[in-house]
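Just so it is clear, the model here is predicted, and its values are computed rather than measured.
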Amino acid sequence: MPARMPARTPLRAAAFTLVLAATTACGQGDGDPESTGTATPPTSSPTDASPTASASPPAFASRVRRVERDELPHSWRPGCPVPVSGLRMIEMTYWGMDDKAHPNGKLVVNASAADDLVGVFRKLYDDRYPIKRMEPVDVYRGDDFDSIEANNTSAFNCRNATGSGNWSQHAYGLAVDINPCENPYVTAAGRVAHDDCVKFRDRDRDDPGVIHAGDNVVRAFRSIGWGWGGTWSGTKDYQHFSSSGR
């Protein structure tokens, strides 16, 4: 008589049921052994992201206004060849040496030339010609030497022409000096008065702000009939543009 199998106890039956359930769960996933049965949310690919638009530089802006006497405490005095009423302040945007737009440029000029000069500097801004700074010489107490040391672009200053007893074109507000360090005044003997600017006596340099014959800066001033000091014989004034050419 064969031996009788022992009857399952309730505890053993429960354990068997638990193992069977676990085995069934591990087989889920449509036959994929890697599947865990847990859904992973889709992630966006880098190409789905919208590109960030780079900010465009501001457009050129300008304003021409009358100049008050107290704005010219050093650059104007009684006896100057043009009255204060004959001058204008151009407030305008310029492109800086830091490759950024600067909205705070100020240039004091003759009223008769203000609109033409706005057109010139609009062209220079559109061409991204870089300017170090643009302030009235009164910021430097009317001292032309100090203004040049700061590489300041300026116009009106009631003073004599360098080495002369006659009025400079600057005294009429009819001359502009641009980036005077990169474009120095060079005597016929080759002397440059500002130590940091001596290297720019070499006009083959192509540093930002250097003016060359026939370039966009020269053409912009030529378009309003102004001449360039870089064409003078003997002494060269590479920074200097004026209505008379002198």
Side-chain angles (χ1 to χ4, degrees), residues 57 60 62 71-75 89-109 117-118 120-163 168-171 173-187 190-213 215-221 226-232 235-242:
F60 177 84
S62 66
E71 293 182 281
L72 309 173
H74 308 288
S75 64
M89 177 80 77
I90 305 175
E91 299 173 333
M92 60 184 156
T93 315
Y94 67 92
W95 195 254
M97 291 284 189
D98 56 0
D99 206 30
K100 296 179 181 178
H102 293 255
N104 56 346
K106 291 184 177 182
L107 203 67
V108 180
V109 303
L117 288 171
V118 166
V120 167
F121 281 94
R122 180 189 300 275
K123 291 177 182 177
L124 300 189
Y125 181 82
D126 289 344
D127 290 338
R128 299 296 186 258
Y129 172 75
I131 294 173
K132 179 63 177 180
R133 67 180 78 246
M134 187 188 293
E135 302 172 317
V137 294
D138 291 272
V139 173
Y140 307 92
R141 301 181 66 83
D143 192 313
D144 185 59
F145 187 93
D146 288 348
S147 181
I148 292 173
E149 284 283 286
N151 204 10
N152 179 49
T153 293
S154 65
F156 174 75
N157 192 6
C158 187
R159 62 174 177 83
N160 289 338
T162 303
S168 164
Q169 289 297 295
H170 289 283
L174 292 172
V176 178
D177 288 344
I178 298 183
N179 289 335
C181 190
E182 286 82 5
N183 305 292
Y185 181 95
V186 183
T187 69
R191 182 175 179 271
V192 174
H194 303 269
D195 292 342
D196 290 342
C197 312
V198 171
K199 61 185 178 182
F200 293 109
R201 182 172 50 199
D202 175 8
R203 300 314 291 172
D204 289 332
R205 296 181 68 101
D206 198 27
D207 302 60
V210 173
I211 299 170
H212 297 101
D215 70 8
N216 290 350
V217 182
V218 174
R219 290 200 302 270
F221 278 96
W226 284 35
W228 179 42
T231 63
W232 297 355
T235 293
K236 305 286 189 182
D237 199 355
Y238 295 107
Q239 66 201 257
H240 184 83
F241 292 88
S242 68

Run the salt bridge (charged side-chain N to carboxylate O under 4.0 Å, His left out) test against [X] and tell me which residues pass, sequence neighbours left out.
| X | answer |
| --- | --- |
| Glu91 | Arg63, Arg65 |
| Asp144 | Arg159 |
| Asp207 | Arg205 |

**Asked** Which one of Ile90, Thr93, Val176 satisfies the side-chain contact (heavy atoms from CB on, under 4.5 Å) criterion with Phe121?
**Response**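 For Phe121, the side-chain contact (heavy atoms from CB on, under 4.5 Å) check succeeds only for Val176.
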**Asked** What is the distance from atom CG of Asp177 to atom OH of Tyr185, rounded to the nearest 0.5 Å?
**Response**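 OH of Tyr185 is found 11.0 Å from CG of Asp177.
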Who passes ring pair (Phe, Tyr, Trp, His ring centres under 6.0 Å) against [X], sequence neighbours left out?
| X | answer |
| --- | --- |
| Phe60 | Tyr125 |
| His240 | His170, Trp232 |
| His194 | Phe145 |

**Message:** Which residues pass the side-chain contact (heavy atoms from CB on, under 4.5 Å) test with Pro103, not counting sequence neighbours?
**Reply:**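 Applying side-chain contact (heavy atoms from CB on, under 4.5 Å) to Pro103 gives none.
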**Request:** Only counting residues at least two apart or in another chain, list the ones meeting side-chain contact (heavy atoms from CB on, under 4.5 Å) with Val218.
**Result:**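 Residues passing side-chain contact (heavy atoms from CB on, under 4.5 Å) with Val218: Ile211, Asp215, Arg222, Trp228, Phe241.
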**Request:** Verify the neighbour count for atom CG of Asp126: are there more than 12 heavy atoms of other residues, nucleotides or ligands below 6.0 Å?
**Result:**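 Enclosed.
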**Message:** Counting only heavy atoms from other residues, nucleotides and ligands, does the tally under 6.0 Å from NZ of Lys236 exceed 12?
**Reply:**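 Yes.
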Return the set of residues passing side chain to side chain donor-acceptor pair (under 3.5 Å) with [X] (not counting sequence neighbours), or none when no residue passes.
| X | value |
| --- | --- |
| Asn216 | Asp127, Arg219 |
| Arg203 | Asn183 |
| Asp206 | none |
| Lys199 | none |

